[in-house]
Amino acid sequence: MQPVDRLRAALPPEAGAWLGSHGADLAQAWRSCSRPDWLIRMSTQVGVARGLLVHAAADLATDALARCPIDDLRPRQGLATALRWVAGRAPSSEAWALGFALSALAERHEGVAAETLRATACLSFACDDRADVVFYAHRADAARSVAHAVRALGDPSVASDVVRRRIPLSTFLEAFDLASRPPPRPATPSGPHAPTTDSFYC
């Protein structure tokens, strides 16, 4: 399977079908994508630095909160903590604690306010430097944060440009290239305990 096909298969069905319509032209797909959450999902799958993913989601959550001020300090605390996590000045546990509080707060709101709060909650959960790559991509907290922020903002095309400013095409393609390389072959042991074989490939 080609690397582009592996990326397509790892995405949700609708996003995978959209990417497939671009063939192997990842650059064109990236430039034309009108779904910022798909940009984040693609970036997550190829291993773009989590700090960049969180920062892009934070940009949109900040915009959403500016349009829908909420009479509670915790959403802003969540945003500030996420940015401190990006800078290496806050642990994941601090961000996650706010994530749970924001999730509970979102249940007491409706409409744009609820979407804004869910965006900040998912942003907090995306601050995770310990989860392995597969689990982090499966949870997709950064992409879910972006999706909630877009529902609050109501303008996905502008939001896509915000993500592309934070994660340039060159950064995405570099990560894709690195993720597409085969893993290094383990060193062959030598000495008296080395395995023996009659294979002509050895």
Side-chain angles (χ1 to χ4, degrees), residues 7 10-12 15 35-109 112-153 156 159-168 171-172 174-176 178-179:
L7 173 58
L11 297 172
R35 286 281 301 266
D37 55 324
W38 290 358
L39 292 172
I40 294 293
R41 282 185 180 273
M42 289 193 295
S43 297
T44 305
Q45 289 293 341
V46 302
V48 168
R50 293 177 192 183
L52 282 177
L53 303 174
V54 170
H55 216 155
D59 289 342
L60 292 173
T62 299
D63 290 346
L65 190 58
R67 290 195 188 184
C68 180
I70 295 170
D71 190 20
D72 193 299
L73 293 177
R74 286 172 292 182
R76 285 178 175 75
Q77 289 174 343
L79 288 169
T81 302
L83 293 177
R84 287 195 298 113
W85 178 83
V86 169
R89 299 199 307 268
S92 297
S93 57
E94 184 178 343
W96 274 53
L98 280 163
F100 287 115
L102 290 164
S103 294
L105 187 61
E107 294 301 315
R108 301 200 296 271
H109 288 74
V112 172
E115 295 291 355
T116 299
L117 288 165
R118 291 187 180 107
T120 57
C122 290
L123 174 69
S124 298
F125 292 134
C127 297
D128 189 343
D129 46 17
R130 295 192 177 186
D132 66 40
V133 174
V134 174
F135 184 64
Y136 190 82
H138 174 73
R139 271 203 343 243
D141 289 313
R144 292 193 299 119
S145 173
V146 166
H148 286 301
V150 168
R151 285 194 283 272
L153 292 165
S160 291
D161 290 336
V162 170
V163 172
R164 280 187 283 261
R165 282 196 296 271
R166 185 61 67 183
I167 307 173
T171 298
F172 170 73
E174 182 179 350
F176 175 78
L178 187 61

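This is a predicted model, so every value here is computed, not measured.
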Does Asp71 have any side chain to side chain contact (heavy atoms under 4.5 Å, CB included) partners at least two apart in sequence or in another chain, and if so, which?
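Residues passing side chain to side chain contact (heavy atoms under 4.5 Å, CB included) with Asp71: none at all.
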Across all chains, not counting sequence neighbours, the side chain to side chain contact (heavy atoms under 4.5 Å, CB included) partners of Val133 are Arg50
Between [atom1] of [X] and [atom2] of [Y], what distance do you get to the nearest 0.5 Å?
X: Ile167; Y: Leu52; atom1: CD1; atom2: CG; answer: 5.5 Å
X: Thr116; Y: Leu65; atom1: OG1; atom2: CG; answer: 6.5 Å
X: Cys68; Y: Leu117; atom1: SG; atom2: CG; answer: 7.5 Å
X: Leu123; Y: Leu53; atom1: CG; atom2: CG; answer: 11.0 Å

Would a 4.5 Å heavy-atom cut-off, applied to side chains only, mark [X] and [Y] as touching?
X: Val46; Y: Leu178; result: no
X: Pro168; Y: Arg164; result: no
X: Leu83; Y: Val54; result: no

Residue pairs fulfilling salt bridge (Lys or Arg N to Asp or Glu O under 4.0 Å) with at least one residue in residues 57-68, sequence neighbours excluded
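Salt bridge (Lys or Arg N to Asp or Glu O under 4.0 Å) check on residues 57-68 returns Asp59-Arg166.
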Write out all pairs satisfying salt bridge (Lys or Arg N to Asp or Glu O under 4.0 Å) with one or both partners inside residues 140-153, taking only residues at least two apart or from two chains.
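Output for this query lists Glu115-Arg151, Arg139-Asp141, Asp141-Arg144.
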Check [X] against [Y] and note the closest heavy-atom contact, atom names and distance.
X: Phe172; Y: Val48; value: CA-CG2, 4.3 Å
X: Leu79; Y: Ala58; value: CD2-O, 4.0 Å
X: Ala114; Y: His109; value: CB-O, 3.5 Å
X: Ser92; Y: Cys127; value: OG-O, 3.0 Å
X: Ser103; Y: Ala121; value: OG-CB, 3.5 Å
X: Gly47; Y: Ala175; value: C-CB, 4.4 Å

Write out all pairs satisfying ring pair (Phe, Tyr, Trp, His ring centres under 6.0 Å) with one or both partners inside residues 49-74, taking only residues at least two apart or from two chains.
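Residue pairs with at least one partner in residues 49-74: there are none.
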Would you list the pairs meeting ring pair (Phe, Tyr, Trp, His ring centres under 6.0 Å) in which at least one residue belongs to residues 83-107, sequence neighbours left out?
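Qualifying pairs: Trp96-Phe125, Phe100-Phe125.
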Taking side chain to side chain donor-acceptor pair (under 3.5 Å) as the cut-off, I'd like each qualifying pair that reaches into residues 73-84, sequence neighbours left out, listed once.
Asp72-Arg74, Arg84-Glu94
Without swapping roles, check the side chain of Ser145 against the backbone of Cys122 for a donor-acceptor pair under 3.5 Å.
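Not a single qualifying donor-acceptor pair exists.
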Pairs under 3.5 angstrom only: tabulate donor-acceptor contacts from the side chains of residues 36-43 to other protein residues two or more places apart or in another chain.
unit_1	atom_1	unit_2	atom_2	d
Asp37	OD1	Arg35	NE	2.9
Asp37	OD2	Arg35	NH2	2.8
Ser43	OG	Leu39	O	2.8

